[in-house]
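Inspection log for the structure reproduced underneath, given as structure tokens.
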Amino acid sequence: MHEFSIVSALINQCEELAAENKATGIARVAVKIGALSGVEPQLVKTAFDTFREDGICRGAELEMEIAPLELDCRACGAHSIPDEIAYLCPACQSRDIKVSGGEEMLLMQLELMYD
Amino acid sequence: MCKDCGCSLTSEGHAHHHDHGHDHLMTNPQLNDKKTLSVIHKILDKNDIEAAHNREHFEQHGVMAFNLMSSPGSGKTTLLEHLTNYTDQRYCVIEGDLETSRDADRLKAKGINAVQIQTGSACHLDAFMVHGALHQQPLDNMDICFVENVGNLVCPASYDVGTHKNVVLVSVPEGEDKIEKYPVMFRKADVVFITKCDLLPYFDFDPEVAKAAVLKLNPEAKVINVSVKEPESMKAVAQWFATELAAFNRTLASKTEEPA
Ligand SMILES: Nc1nc2c(ncn2[C@@H]2O[C@H](COP(=O)(O)OP(=O)(O)OP(=O)(O)O)[C@@H](O)[C@H]2O)c(=O)[nH]1
Ligand SMILES: [Mg+2]
Ligand SMILES: [Zn+2]
Ligand SMILES: [Zn+2]
Ligand SMILES: [Zn+2]
């Protein structure tokens, strides 16, 4: 259940950004979670609902985008979203690939409120 | 945070970790009393900064650090207990467990320097916990520092603890399907040790299938079959660490040769 630690880091970030921007509330928190980031979206949601209660995130909506695994092939240049979890190019089978998405855990956007 | 720890890291590389401002932050025009702030911010960036700090710490002492991860009971502590018979390298261990200092005690009984971190309810180590422990280790007298993570194939994979390489263990009784079931962990591995290979005759575990599963997730990973009861396999383990350490030391040497 490291989702709880991750969400508490997220809420911390939201609080800092709200303070920097002198906001009085947060209406929406948008995150991007890679399908292979190692966190379970449902647990992130539960953790967020639990932790947002006593801070500036109270009442904030969590918007979660799940990013699929995306590969760029260095051998044939193909960009692909493989349908199974395999780190090789579906077009040419090369293992010389670069991961361009699917492993990230990012805060993307905040909707800040002002009184 | 390094002001608080009292450690004397002064290099420029170290300082710049701290002014990771929100300069990449873009603000959209005002809409009444709401404002949309677009940021692209790693959720675990505080941990990542601390991890980079730990790595610098290790490097300043000329120590290479390895993060050992596996499910509970795959043989992490046993491997560290036995490794001392096969290597001349001096190593110490940072142990992470939910409860007890049993693993650290086992290693100390073998004359290995070990510090226990009790994580309480946390199912993984993070860079802050490792930082607290690394200050208790006599790093100047060491070549390698092992971080034995909490036994768990899920959570530790999300945290950079400031080590240089990841070692993931999977034991024969667990079954080779664990690799496909926990892809994030095996994706992180620089080397996978298939442990308890002396038990292969009793289980339907095919090391070749396991190896293929690892390579599918991680084309660069090495896979080594290990049993603490088979000295040849332990020599191969020691050899892998020796090779890694030699490469690490070459990189360190070339870094320090460069004019500042
Ligand atoms: N047969 C056999 N048993 C082994 C081997 N390596 C470890 N074991 C046994 O596996 C059990 C668990 O080993 P540990 O070293 O405590 O495992 P661990 O990964 O450190 O466990 P946690 O720290 O609790 O996650 C012990 O009973 C060991 O004796 C091996 O190579 N062969
Ligand atoms: Mg152990
Ligand atoms: Zn967990
Ligand atoms: Zn290709
Ligand atoms: Zn420090």
Side-chain angles (χ1 to χ4, degrees), chain A residues 1-14 16-40 43-44 48 69 82 84-89 93-97 99 102-115, chain B residues 21-22 24-28 30-50 69 119 121-129 149-150 152-160 179-188 212-221:
Chain A
M1 282 290 285
H2 58 310
E3 284 80 3
F4 275 69
S5 321
I6 287 163
V7 168
S8 92
L10 169 67
I11 289 188
N12 242 310
Q13 255 173 20
C14 294
E16 283 175 19
L17 287 168
E20 270 172 39
N21 289 278
K22 304 192 168 50
T24 51
I26 297 178
R28 187 173 56 87
V29 176
V31 296
K32 190 190 241 182
I33 304 290
L36 282 148
S37 67
V39 303
E40 181 47 47
L43 291 175
V44 170
F48 190 81
L69 181 63
E84 59 161 353
I85 303 173
Y87 286 79
L88 85 178
C89 172
Q93 309 298 309
S94 168
R95 293 183 187 278
D96 189 11
I97 43 100
V99 178
E103 297 183 337
E104 63 274 67
M105 253 188 264
L106 300 172
L107 169 61
M108 301 297 290
Q109 243 183 30
L110 284 183
E111 199 168 325
L112 301 174
M113 297 191 294
Y114 295 87
D115 288 336
Chain B
H22 306 296
H24 48 272
L25 182 154
M26 294 178 308
T27 310
N28 289 348
Q30 296 270 1
L31 299 163
N32 301 332
D33 55 349
K34 279 191 185 167
K35 182 163 114 177
T36 302
L37 199 60
S38 291
V39 293
I40 297 184
H41 215 161
K42 278 189 177 177
I43 293 176
L44 289 178
D45 81 334
K46 284 211 171 82
N47 181 78
D48 291 349
I49 291 162
E50 186 74 352
M69 296 178 282
T119 59
S121 60
C123 42
H124 58 269
L125 291 176
D126 66 25
F128 293 92
M129 299 183 217
N149 221 306
V150 179
N152 179 331
L153 272 180
V154 183
C155 314
S158 295
Y159 285 85
D160 181 357
I179 297 161
E180 271 185 80
K181 284 184 182 168
Y182 299 92
V184 179
M185 177 58 84
F186 288 91
R187 169 82 190 142
K188 292 269 149 77
V214 170
L215 294 181
K216 190 168 161 187
L217 291 168
N218 200 341
E220 315 287 334

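Predicted, not measured: the structure shown is a model, and the values here were computed from it.
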message: Which residues pass the salt bridge (Lys or Arg N to Asp or Glu O under 4.0 Å) test with A/R95, not counting sequence neighbours?
response: none
Interatomic distance, A/E103 atom CD to B/K188 atom NZ [nearest 0.5 angstrom]: 6.5 Å
message: Checking A/L36 against B/R187 for the side-chain contact (heavy atoms from CB on, under 4.5 Å) test, could you report, in this order, the C-alpha distance in whole Å, the side-chain angles of both residues, the deciding distance, and whether it holds?
response: CA-CA 9 Å; A/L36 282 148; B/R187 169 82 190 142; over 6 Å; no
- request: Among A/V7, A/I11, A/V31, A/L106, find the one that has a side-chain contact (heavy atoms from CB on, under 4.5 Å) with B/I43.
  value: A/V31
query: Is it the backbone or the side chain of A/V99 that comes under 4.5 Å from a heavy atom of chain B, or both, or neither?
result: side chain
field: Minimum-distance pair of heavy atoms, taken over all atoms of A/Y87 and B/L217
entry: CD1-O, 3.2 Å
- prompt: Which value, rounded to the nearest 0.5 Å, describes the distance between A/F4 atom CZ and B/C123 atom SG?
  reply: 10.5 Å
Best-contacting candidate, A/M113, A/Q13, A/M105, against chain B by heavy atom pairs under 4.5 angstrom: A/Q13
query: Going by heavy atoms in the side chains, are A/L17 and B/H41 under 4.5 Å from each other?
result: yes
task: Report yes or no: does B/E180 contribute a side-chain atom to a donor-acceptor pair with the main-chain N or O of A/I85 at less than 3.5 Å?
output: no
- request: Enter the distance from A/D96:CG to B/E220:CD here, rounded to the nearest 0.5 Å.
  value: 8.0 Å
query: Is chain B contacted by the side chain of A/E40, its backbone, both, or neither, given a heavy-atom distance below 4.5 Å?
result: neither
query: Which bit of A/T24 comes within less than 4.5 Å of chain B, counting heavy atoms only: side chain, backbone, both or neither?
result: neither
query: Going through the distances and angles, do B/I40 and A/M108 end up as a side-chain contact (heavy atoms from CB on, under 4.5 Å)?
result: CA-CA 5 Å; B/I40 297 184; A/M108 301 297 290; 4.2 Å; yes
query: Are B/V39 and A/Q109 close enough that some pair of their side-chain heavy atoms sits under 4.5 Å apart?
result: no
message: Quick check: do A/R28 and B/T36 have side-chain heavy atoms less than 4.5 Å from each other?
response: yes
query: So which of A/S5, A/A23, A/A9 has the largest heavy-atom pair count under 4.5 angstrom toward chain B?
result: A/S5
task: Considering non-hydrogen atoms only, spot the tightest contact between A/G38 and B/S158 and give its length.
output: O-OG, 3.9 Å
Structural part of B/Y182 lying under 4.5 Å from a heavy atom of chain A: neither
field: chain B contact via A/A27 - which portion, at a heavy-atom distance below 4.5 Å
entry: side chain
